[in-house]
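Remarks on the structure that follows.
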Amino acid sequence: MNLLELLRGRFFKALEGWAPDPLTASALVKPATDAKFGDYQANAAMSLGKAMGKPPRQVAEEILAKLKWDDILEKPEIAGPGFINLKFRNEYLQGQLTVAANDDRIGIAGVSRPGRFVIDFSGPNVAKPMHVGHLRSTILGESLARLHRFLGHMVITDNHLGDWGTQFGILLYGYRNQLDAENLKKNPVAELARLYVEVRKGFKSGTDEEAEGDPVQDACRLETVKLHQGDKENLALWKQFMPFCLEEIDAVYQRLDVHFDHTLGESHYQPMLAKVVADLLGQGIARESQGAIGIFLTEEGTPALIRKRDGAYTYTTTDLATIDYRIREFNPTDILYVVDSRQHLHFQNLFETARRWGRTGPENGPRLVHVPFGSVLGADRKPIKTRDGKAVANLDQLLDEAVRLAGEIFDANRAEDAEPENRAMVAETVGIGAVKYADLCQNRTTDYVFSWEKMLAMDGNTAAYMQYAYARCQSILRKAGAGPDTLDTKASIHLATAEERNLAIQILRMEEILVASASELRPNILTGYLWDLAKSYSSFFQNCPVIKAPPTLLPSRLLLCHLVARCLKLGLELLGIKVIERM
RNA sequence: GCCCGCGUAGCUCAGUGGAUAGAGCAACGGUUUUCUAAACCGUCGGUCGCAGGUUCGAUCCCUGCCGCGGGCACCA
């Protein structure tokens, strides 16, 4: 049940026919800014009063005269300059909770008009160790995919691997000059990772000028060019290396519970690039300049190059071919790119070029959306760059550390009926959850200060808090003998205390939250909700005995625990975070 | 130089054209014979960078300024 939409619908009907722009005015129904004002509030009377030349409070009276409220709301109150405060009747909430308890989607409807979303995320460079910088795209993308799917959209996830770039030249160079053949046989994944790091160590560091004329870098570039030109040996090595590279990143995805429908890397589009360039040249969208071919979107601005002087194509070319391919293959309504905000200009250029190319427009093709996110900052608050190849916290080490800490906390805190044999599982779930949540709970667009301390904190607004609340729900249900078959989901719910009523509202707000979180592409809206829900539950837990509740309240409270557990589990699942029955 | 983003409590960060700007951490104090104390309750803490403007109402929208970060032709 979407309470917000329900109220907006009611207000729209009340305003229709006499107020200007009833749609905008009804959208001014919002969650109450303070619980003492009720559950929701309508702020339309002030602006309507101005527009209609009447005192706002009088307008509020007129709205209320036309508003149908008595079946769902307490009598609405007009407050202050003309706020209309709205509070649901307990009978209504109780009825909706019963509906939710007997629905396998907790009463959450899907969207009425499903879209087809291609979501492009993660996109690591293979042959290059994954580090914390890859975390945000991976975690955000997975969460957005899960959210959209749950709401009924068709979702196609695609991992646009960097499997054809200069980093492969580095591997090829390393293979030829610094190979430990023995190690390659025994542990190919580790040997390739070692080669990459070793070769990078030999690079001249510092500014671009200083790195200019670096013989090692030049040699690596040459290997890349040979690969792109179809050099047999390099191509054979590429084919030999790829499975090992994929094995390494797949292990990380498995651990993070991240999944893709497609993994179409840059190499997949190689055969299409020449035609893209020819096409853009032919249509006069691109032109030759200083030996390269570029797209000049503005008179004075720098062009987006689609072919370099040496004949190599760029990522703009690949991305254009990818758009073309995705439209033909998937016919999406939307393509989302979950990519670092530093690439914003690239996407602006890309989308504008796609438009001129006729692939998208107001009347045709998908909506192309860059979903930007802030940089990973080091302790010095400077972005951790992937280009300089400096040691950045390795992803696996990071996850191991999180899991280790979660294990320690398990040892220090575990409840009497926790199961020691589950220690590893609990630590893994809590540790990985902590890392994911630390990322998801922040506004996507802000920079992310990398801090072990913050990531591994188990206090406050963290996954562990939600997992803990869930485990407490399950513990109560277990002790009450209320299993899947024995819980009375038809029991009538009583909202006897403020804590219970608060829980009821929280549970029923979930649909509104999921819709907002998906449409704004912001999982932190969902984390904020889960935090509120879990806090409400902790408060309930503290103040409302369940098992020792009077017989009239016991079935109701059990059902509330059950519903909270389901909301927490679903919400965390949509963030890609797992729950545990005992911790 | 041009473009993009950011500036909110000691720290890390939410937040919205609406009522008294919130949370976590830190600090301080309280709560356990009772369903998991990884918890709960409370106290302390603010010229929402500065100055104008639009508005019935601005931390939010607009303009200027200051500060910080990022991007801007052959890396992706």
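Just so you know, these numbers use all the heavy atoms, side chains as well, and skip hydrogens, waters and symmetry mates. Just so it is clear: chains get the letters A, B, ... in the order the sequence lines come, proteins before strands, and each one is counted from 1.
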Check your understanding: A39(B) P sits how many Å from Gln474(A) CD, rounded?
Key -> 19 Å
Check your understanding: With rounding to whole Å, what would you report as the distance between C28(B) and C68(B) at their P atoms?
Key -> 35 Å
Review point. If you measure from the ring centre of Tyr468(A) to the centre of the six-membered ring in the base of A39(B), is it under 5.5 Å, with the planes under 30° apart?
Key: no
Review point. Can you check whether Leu273(A)'s main-chain N or O pairs, donor with acceptor, with Thr317(A)'s side chain at less than 3.5 Å?
Key: no
**Study point:** Nearest listed nucleotide, side chain of Ala292(A), among C40(B), A73(B), C35(B)
**Key:** A73(B)
Practice item. Have a look at Phe37(A) and say if it touches a base, only the backbone sugar-phosphate, or nothing, with a 4.0 Å heavy-atom cut-off. Key: base
Check your understanding: Are any of Tyr437(A)'s side-chain N or O atoms less than 4.0 Å away from OP1 or OP2 of G24(B)?
Key -> no
Review point. For Ala79(A), which contact category applies under a 4.0 Å heavy-atom criterion: base, sugar-phosphate, or nothing?
Key: base
Review point. Judged by atom type as modelled, is there a donor-acceptor pair below 3.5 Å linking the side chain of Arg444(A) to the main-chain atoms of Phe373(A)?
Key: no
**Study point:** Donor-acceptor contact below 3.5 Å, side chain Asn159(A) vs main chain Gly123(A)
**Key:** yes
Check your understanding: Is Thr527(A) reaching over with its side chain to a backbone N or O of Asn524(A), donor-acceptor style, under 3.5 angstrom?
Key -> yes
Exercise for review: Figure out the NE2/P separation between His346(A) and C4(B), and round it to whole Å.
Suggested key: 18 Å
Practice item. Give a yes-or-no answer on whether the side chains of Glu266(A) and Gln270(A) include a donor-acceptor pair shorter than 3.5 Å. Key: no
Check your understanding: Of Lys36(A) and Thr445(A), whose closest RNA chain B nucleotide lies nearer the 5' terminus?
Key -> Thr445(A)
Exercise for review: Report the nucleotide, chosen from A19(B), G71(B), U36(B), that has the shortest atom-to-atom distance to any side-chain atom of Arg472(A).
Suggested key: U36(B)
Check your understanding: Just how far, in rounded Å, is C1' of U36(B) from CE of Met466(A)?
Key -> 17 Å
Exercise for review: Under the side-chain contact (heavy atoms from CB on, under 4.5 Å) rule, what do Ile293(A) and Leu280(A) come out as? Steps first, then yes or no, please.
Suggested key: CA-CA 10 Å; Ile293(A) 294 173; Leu280(A) 291 166; over 6 Å; no
Practice item. With heavy atoms under 4.0 Å as the rule, sort Asn524(A) into base, sugar-phosphate or nothing. Key: sugar-phosphate
Check your understanding: Say you pick atom P in C50(B) and the same atom in C11(B); how far apart are they, in whole Å?
Key -> 16 Å
Check your understanding: Which listed nucleotide (C25(B), C4(B), C13(B)) is nearest to the side chain of His344(A)?
Key -> C4(B)
Check your understanding: What is the nucleic acid contact for Gln41(A), judged by heavy atoms within less than 4.0 Å: base, sugar-phosphate only, or nothing?
Key -> base
Check your understanding: Taking atom C1' in both C61(B) and G29(B), what distance in whole Å separates the two?
Key -> 44 Å
Review point. Which nucleotide in the set C35(B), G17(B), C72(B) lies at the smallest distance from any side-chain heavy atom of Thr302(A)?
Key: C72(B)
Point to revise | Inter-nucleotide P distance (U59(B), A9(B)), Å rounded | key: 15 Å
Exercise for review: For C13(B) and A76(B), measure between their P atoms and round to the nearest Å.
Suggested key: 32 Å
Review point. Given atom CG of Asn461(A) and atom C1' of A14(B), what is their separation to the nearest angstrom?
Key: 9 Å
Check your understanding: Nearest-Å distance, NZ (Lys535(A)) to P (G42(B))?
Key -> 11 Å
Check your understanding: Does any N or O in the side chain of His228(A) come within less than 3.5 Å of the main-chain N or O of Trp164(A), such that one atom is a donor and the other an acceptor?
Key -> yes
Check your understanding: Is Thr316(A) touching bases, backbone alone, or none of the nucleic acid, heavy atoms closer than 4.0 Å?
Key -> nothing
Review point. Backbone N or O of Ile139(A) within a donor-acceptor pair of the Ser143(A) side chain at under 3.5 Å?
Key: no
Exercise for review: Check every strand shown and say whether Cys544(A) touches a base, only sugar-phosphate, or nothing at a heavy-atom separation below 4.0 Å.
Suggested key: base
Check your understanding: Is the Tyr325(A) ring parallel, tilted or perpendicular to the His268(A) ring (thresholds 30°, 60°)?
Key -> perpendicular
Check your understanding: Between Asp532(A) (side chain) and Gln506(A) (backbone), is there a donor-acceptor pair under 3.5 Å?
Key -> no
Exercise for review: Taking atom P in both C25(B) and A21(B), compute the distance separating them and give it to the nearest angstrom.
Suggested key: 22 Å
Review point. When Watson-Crick pairs (N1 to N3 and N6-O4 or O6-N4) and G-U wobble pairs (N1-O2 and O6-N3) count only below 3.5 Å on both distances, what is the dot-bracket string of RNA chain B, with | for other-strand pairs?
Key: (((((((..((((....[...)))).(((((.......))))).....(((((..]....))))))))))))....
**Study point:** Main-chain N/O of Gly407(A) paired with Arg423(A) side-chain donor or acceptor, under 3.5 Å
**Key:** yes
Study note, to complete from the structure: Closest to the side chain of Lys308(A), out of C35(B), C74(B), G71(B), is C74(B)
Practice item. Answer with base, sugar-phosphate or nothing: what part of the nucleic acid does Arg557(A) contact at a heavy-atom distance below 4.0 Å? Key: nothing
Check your understanding: Rounded to the nearest 0.5 Å, what separation is found between the CG atom of Asp447(A) and the CZ atom of Arg136(A)?
Key -> 7.5 Å
Review point. So which one's nearest nucleotide on RNA chain B is more toward 5', Thr33(A) or Thr166(A)?
Key: Thr33(A)
Exercise for review: Could you tell me whether the phosphate oxygens of G15(B), OP1 or OP2, come under 4.0 Å of any side-chain nitrogen or oxygen in Arg522(A)?
Suggested key: yes
Point to revise | Nearest-angstrom distance, C1' atom, C4(B) to C40(B) | key: 45 Å
Point to revise | Integer-rounded Å distance: A76(B) P and Phe347(A) CZ | key: 14 Å
Practice item. Look at all strands and tell whether Ser289(A) reaches a base, only sugar-phosphate, or nothing, counting heavy atoms closer than 4.0 Å. Key: base
Practice item. Check the pair Lys436(A), Asp439(A) against salt bridge (charged side-chain N to carboxylate O under 4.0 Å, His left out), reporting the backbone distance first and the verdict last. Key: CA-CA 5 Å; Lys436(A) 288 187 173 188; Asp439(A) 215 330; over 6 Å; no
Check your understanding: Any idea which of A76(B), U36(B), A14(B) is nearest the Thr446(A) side chain?
Key -> A14(B)
Review point. Between Gln290(A) (CD) and C74(B) (C1'), how many Å, whole number?
Key: 9 Å
**Study point:** Contact under 4.0 Å: Ser475(A) side-chain N or O vs U36(B) OP1/OP2
**Key:** yes
Check your understanding: Where the side chain of Trp531(A) is concerned, which of C72(B), A23(B), A39(B) is the nearest nucleotide?
Key -> A23(B)
Study note, to complete from the structure: Of the listed C75(B), A76(B), C72(B), the closest approach to the Arg221(A) side chain comes from C75(B)
Review point. Between C6(B) and A14(B), how far is it from one C1' atom to the other, in whole Å?
Key: 15 Å
Study note, to complete from the structure: Expected list for residues 545-555 of chain A near RNA chain B, using heavy atoms below 4.0 Å, is Pro545(A), Val546(A), Ile547(A), Lys548(A)
Check your understanding: In whole angstroms, how far is the C1' atom of A76(B) from the CD atom of Gln217(A)?
Key -> 14 Å
Practice item. Just call it for Asn85(A): base, sugar-phosphate, or nothing, with non-hydrogen atoms closer than 4.0 Å on any strand. Key: base
